[in-house]
2 protein chains.
Amino acid sequence: MAVPSSVSVPPTASPLFLRENEVRRGVELLFFGYTRLTRAIDEGLAEHGLGRAHHRALYFIARQPDLPISALLKILAITKQSLGRVLTDLADRGLIETQTGNIDRRQKLLRLTPEGVQFEAQLFDALRNSLASAYAAAGQESVTGFWRVLEGLIPAEDKAMVVALQKDI
Amino acid sequence: MAVPSSVSVPPTASPLFLRENEVRRGVELLFFGYTRLTRAIDEGLAEHGLGRAHHRALYFIARQPDLPISALLKILAITKQSLGRVLTDLADRGLIETQTGNIDRRQKLLRLTPEGVQFEAQLFDALRNSLASAYAAAGQESVTGFWRVLEGLIPAEDKAMVVALQKDI
DNA sequence: AAGATACGTCAATATGGCTGTCCCATCTTC
DNA sequence: GAAGATGGGACAGCCATATTGACGTATCTT
């Protein structure tokens with residue numbers, strides 16, 4: 001245990017370098033927490049033959065109806081081709097629909113169909129169950145800290161995007 | 001915005017159902033925070049022609065030297081075949097080595113080579129930079145809350161495994 | 001001696017990413 | 001009005017990472 005842990009901590013440690021234990025704990029909890037949370041929805045997705053990539057698109061379309069494709073591309077940070085496949089699958093299943101932008105007619109604005117709304121809500125229930133019980137166990141003060149640390153992980157150039165998502169709830 | 005958000009909140013809301021805003025915020029911050037943190041190491045991995053799957057294995061082997069393969073399988077929760085490929089890649093690059101267990105000679109205990117130790121430390125530096133600055137910006141109290149909420153996301157049956165990782169640091 | 005366990009390996013498959021290229025419709029700018 | 005930029009779609013091919021199922025071998029347990 002000692003070797004890999006200590007080798008990355010220089011002997012003349014500055015405050016930022018005294019955190020190996022705390023950093024490893026954060027890395028591990030993020031890994032397990034994130035993967036376990038996403039697993040909570042796999043079953044619901046599999047019923048429709050969909051994967052997590054589909055859920056990510058569905059989630060953000062639910063969050064910001066009439067989202068142009070370019071905005072969704074920035075959020076997901078994947079290529080147009082990868083997103084195209086996902087959106088085709090969702091449209092084929094009648095979960096999303098598009099509408100030509102009225103300001104810029106080149107844009108296609110994405111929104112959920114009523115079936116999509118219902119399906120997203122069903123998946124969201126699973127996320128809510130997991131997160132709400134973690135929130136309840138930790139207490140409101142911890143939840144605030146949880147948010148603060150995660151906000152600090154988001155690079156400055158992406159922060160505006162995340163804030164925009166959350167400003168109107 | 002209103003439709004998909006409100007549809008999943010029943011009118012007769014119990015306390016656990018009054019949290020849609022908080023839950024969506026947590027989902028989004030976890031998504032962006034986790035993906036951005038993992039991106040911090042992609043460049044270092046690509047230099048060796050490795051991916052994130054390799055880093056996950058490398059990380060947990062660094063964390064618990066002489067880890068049997070079965071323990072790593074439980075941690076990563078992937079199949080033996082998937083892990084086998086990853087371990088082959090790491091061994092081919094001289095980053096890990098195995099040793100026959102002396103208690104149970106069927107086991108192969110995994111550990112990093114000196115090169116592996118150095119490489120893992122280099123990747124860990126990138127993680128530390130990201131997490132330490134997020135910790136510093138949020139403050140120690142927030143960090144505690146961050147940990148508490150994430151612990152609450154880990155199912156009871158997995159918790160022992162995570163605690164075991166962190167008990168001897 | 002029988003069965004369980006730890007690990008390895010074969011073959012086939014699915015998912016979700018990627019690059020590069022080309023196209024069309026529409027908006028902006030000069 | 002022409003030129004160029006932008007939003008979006010589509011083709012082909014590739015790669016990384018995961019999956020299932022079946023089978024084999026060494027070793028431990030009973």
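We name chains A, B, ... by the order of the sequence lines, and we start the count at 1 in each one.
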Got more than 12 heavy atoms from elsewhere within 6.0 Å of CD, A:Glu141? no
Take the protein atom NZ of A:Lys108 and the nucleotide atom C1' of C:dA25, then report the distance between them rounded to whole Å. 12 Å
Selection residues 81-104 of chain B - residue pairs positive for ring pair (Phe, Tyr, Trp, His ring centres under 6.0 Å), sequence neighbours left out: none
Using atom CG of A:Leu73 as one end and atom P of C:dG17 as the other, report the distance to the nearest whole Å. 12 Å
Spacing of A:Leu83 atom CG relative to C:dT15 atom C1', expressed in whole Å: 15 Å
Is there any protein nitrogen or oxygen under 3.5 Å from a nitrogen or oxygen in nucleotides 26-30 of chain C, and what are the pairs?
| residue | atom | partner | partner atom | Å |
| --- | --- | --- | --- | --- |
| C:dT26 | OP1 | A:Arg105 | NH2 | 3.2 |
| C:dT26 | O2 | A:Arg106 | NH1 | 3.3 |
| C:dC27 | OP1 | A:Arg105 | N | 2.8 |

Measure the spacing between CG of A:Leu131 and CZ of A:Phe124 and express it to the nearest 0.5 Å. 8.0 Å
What does nucleotides 9-14 of chain C look like as a protein-contact string, B for base, S for sugar-phosphate only, - for none, at under 4.0 angstrom between heavy atoms? BB----
Given atom CD of A:Gln107 and atom P of D:dG9, what is their separation to the nearest angstrom? 11 Å
What does the list of N/O pairs under 3.5 Å between the protein and nucleotides 13-17 of chain D look like, with a distance for each?
| residue | atom | partner | partner atom | Å |
| --- | --- | --- | --- | --- |
| D:dT17 | OP1 | B:Arg52 | N | 3.2 |

Any side-chain heavy-atom pair of B:Leu110 and B:Glu97 under 4.5 Å: no
What residues 35-43 of chain A contributes to the DNA chain C interface at heavy-atom separation below 4.0 Å is none
Rounded to whole Å, please give me the gap between CG in B:Leu72 and P in C:dG8. 11 Å
Qualifying salt bridge (Lys or Arg N to Asp or Glu O under 4.0 Å) pairs, either residue in residues 38-59 of chain B, two or more places apart: B:Asp42-B:Arg52
Does anything in residues 101-121 of chain B form a ring pair (Phe, Tyr, Trp, His ring centres under 6.0 Å)? List the pairs, not counting sequence neighbours. B:His48-B:Phe119
Could you tell me how far apart A:Ile69 (CD1) and D:dG9 (C1') are, to the nearest whole angstrom? 9 Å
Computed from five pairs at either end and rounded to 10 degrees, the angle between the axes of the helix from C:dA1-D:dT30 to C:dC30-D:dG1 is 30°
Roughly how far apart are B:Ile96 CD1 and B:Leu112 CG, rounded to 0.5 Å? 8.0 Å
Note, B:Glu22 side chain near A:Val143 side chain (heavy atom, < 4.5 Å): no
Assign A:Ser70 to base, sugar-phosphate, or nothing according to its heavy-atom contacts below 4.0 angstrom with the strands shown. sugar-phosphate
To the nearest angstrom, how far is A:Lys74 atom NZ from D:dG7 atom C1'? 11 Å
Quick check for you: to the nearest 0.5 Å, what is the distance between B:Ile41 atom CD1 and B:Asn129 atom CG? 12.5 Å
Measuring from atom CG of A:Leu90 to atom CD of A:Glu120, what distance do you get when rounded to the nearest 0.5 angstrom? 11.5 Å
Pairing residues for B:His54 by the side chain to side chain donor-acceptor pair (under 3.5 Å) criterion, not counting sequence neighbours: B:Asp89
For A:Glu28 and B:Arg63, run salt bridge (Lys or Arg N to Asp or Glu O under 4.0 Å): C-alpha distance rounded to whole Å, both residues' side-chain angles, the deciding distance at 0.1 Å, then the answer. CA-CA 10 Å; A:Glu28 287 149 28; B:Arg63 194 77 158 109; 2.3 Å; yes
With a 4.0 Å cutoff (strictly under), does any side-chain N or O of B:Thr79 reach OP1 or OP2 of D:dT19? yes
Would you call B:Arg24 and B:Glu20 a salt bridge, using N to O less than 4.0 angstrom? yes
Residues 146-161 of chain A, side-chain donor-acceptor partners within the protein, below 3.5 Å, at least two apart:
| residue | atom | partner | partner atom | Å |
| --- | --- | --- | --- | --- |
| A:Trp147 | NE1 | A:Tyr135 | OH | 3.3 |
| A:Arg148 | NH1 | B:Ser142 | OG | 3.3 |
| A:Glu151 | OE2 | B:Arg25 | NH2 | 2.6 |
| A:Asp158 | OD2 | B:Arg36 | NE | 2.8 |
| A:Asp158 | OD2 | B:Arg36 | NH2 | 3.2 |
| A:Lys159 | NZ | A:Glu151 | O | 3.3 |

I'd like to check the side-chain contact (heavy atoms from CB on, under 4.5 Å) partners of B:Gln99; sequence neighbours left out, ordered by chain and number. B:Asp66, B:Arg111
Atom CD1 of B:Ile78 and atom P of D:dT19 are separated, to the nearest Å, by 6 Å
Table please: side-chain donor-acceptor pairs of residues 68-88 of chain A below 3.5 Å, with sequence neighbours left out.
| residue | atom | partner | partner atom | Å |
| --- | --- | --- | --- | --- |
| A:Thr79 | OG1 | A:Ser82 | N | 3.4 |
| A:Thr79 | OG1 | A:Ser82 | OG | 3.1 |
| A:Thr88 | OG1 | A:Gly84 | O | 2.8 |

